[in-house]
Amino acid sequence: MNKLTPIAIAATITAALALTGCSTGSDTASSSASSSSGSSNSTEPTKEVDKPADLTGTWKQTNSAAADSYQEAEITGNVITINWVTDNGDTKSIYWVGSFAAPTDASTPYKWTSTRDVAATESAMLASSDATKEFTFQDDSISYSASALGTTTTIKLKKQ
């Protein structure tokens with residue numbers, strides 16, 4: 001039994017030295033990393049910059065009076081296209097085709113003025129004849145005014 005005790009002690013010391021050596025090396029590495037990064041920056045953590053909202057995709061009206069009739073918008077690149085949708089999606093009629101300017105920062109509300117694409121809308125009977133249209137993005141919703149038959153309403157869209 002006396003022979004096992006010195007072997008056990010030697011193994012324990014060797015393991016302790018090995019572990020101490022590993023932790024000392026990584027502490028030294030993290031200390032030098034901290035001191036090199038700390039020399040160029042203050043001790044405050046860096047703040048992650050909020051990204052602008054990505055408005056590309058399909059948007060559906062949330063405040064329609066009828067479940068099978070609503071407006072739907074699609075934003076691709078620098079164009080926004082809005083259709084009147086009826087018959088549960090079987091019929092679509094152009095309401096607006098115009099310019100779209102994506103947000104450049106995360107602040108809301110984000111507002112942009114869209115200029116109508118006359119060539120894409122001039123023969124569409126249900127299309128708006130306005131030269132420009134104001135859009136607002138806030139609280140994950142896009143809103144704008146739409147007029148038809150002398151009635152103006154605020155349309156609210158949510159991303160699908």
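Since we're looking at a predicted model, the values are computed, not measured. For the single chain, residues carry numbers from 1 onward in sequence order.
- Smallest separation of non-hydrogen atoms from Ala53 and Pro103: O-CG, 3.4 Å.
- A salt bridge (charged side-chain N to carboxylate O under 4.0 Å, His left out) check over residues 115-130, counting only residues at least two apart or in different chains, returns the pairs Asp130-Lys133.
- Partners of Ala106 by side-chain contact (heavy atoms from CB on, under 4.5 Å), not counting sequence neighbours, listed by chain and number: Asp50.
- Among residues two or more places apart in sequence or in another chain, the side chain to side chain donor-acceptor pair (under 3.5 Å) test is passed with Thr153 by none.
- Gln61 places a side-chain N or O within 3.5 Å of a backbone atom of Gln71 that can act as its donor or acceptor partner.
- Cluster partners of Val97, using a side-chain heavy-atom cutoff of under 4.5 Å among ILVMFWY residues and allowing indirect links, are Val79, Ile94.
- Trp112 shares a hydrophobic cluster with Leu55, Trp59, Ile75, Ile80, Ile82, Trp84, Tyr95, Trp96, Phe100, Tyr110, Leu126, Phe135, Phe137, Ile142, Tyr144, Ile155, Leu157; the chain of contacts runs through ILVMFWY side chains whose heavy atoms sit under 4.5 Å apart.
- Shown here are the side chain to side chain donor-acceptor pair (under 3.5 Å) partners of Thr104, two or more places apart in sequence or in another chain: there are none.
- In this structure, the side-chain contact (heavy atoms from CB on, under 4.5 Å) partners of Thr115, at least two apart in sequence or on a different chain, are Ser99, Thr132.
- Residues Lys60 and Thr58 have side chains not in contact (no heavy-atom distance under 4.5 Å, counting atoms from C-beta outward).
- Ser123 meets the side-chain contact (heavy atoms from CB on, under 4.5 Å) test with no other residue; sequence neighbours excluded.
- For residues 92-106, the set of pairs meeting the salt bridge (charged side-chain N to carboxylate O under 4.0 Å, His left out) definition, not counting sequence neighbours, comprises Glu72-Lys92.
- Rounding to the nearest 0.5 angstrom, the gap separating the OG1 atom in Thr136 from the NZ atom in Lys111 is 4.5 Å.
- Under the side chain to side chain donor-acceptor pair (under 3.5 Å) criterion, Glu134 pairs with Thr113, sequence neighbours left out.
- For residues 138-160, there are no salt bridge (charged side-chain N to carboxylate O under 4.0 Å, His left out) pairs, not counting sequence neighbours.
- Checked against side chain to side chain donor-acceptor pair (under 3.5 Å), Thr91 has the following partners two or more places apart in sequence or in another chain: Asp87.
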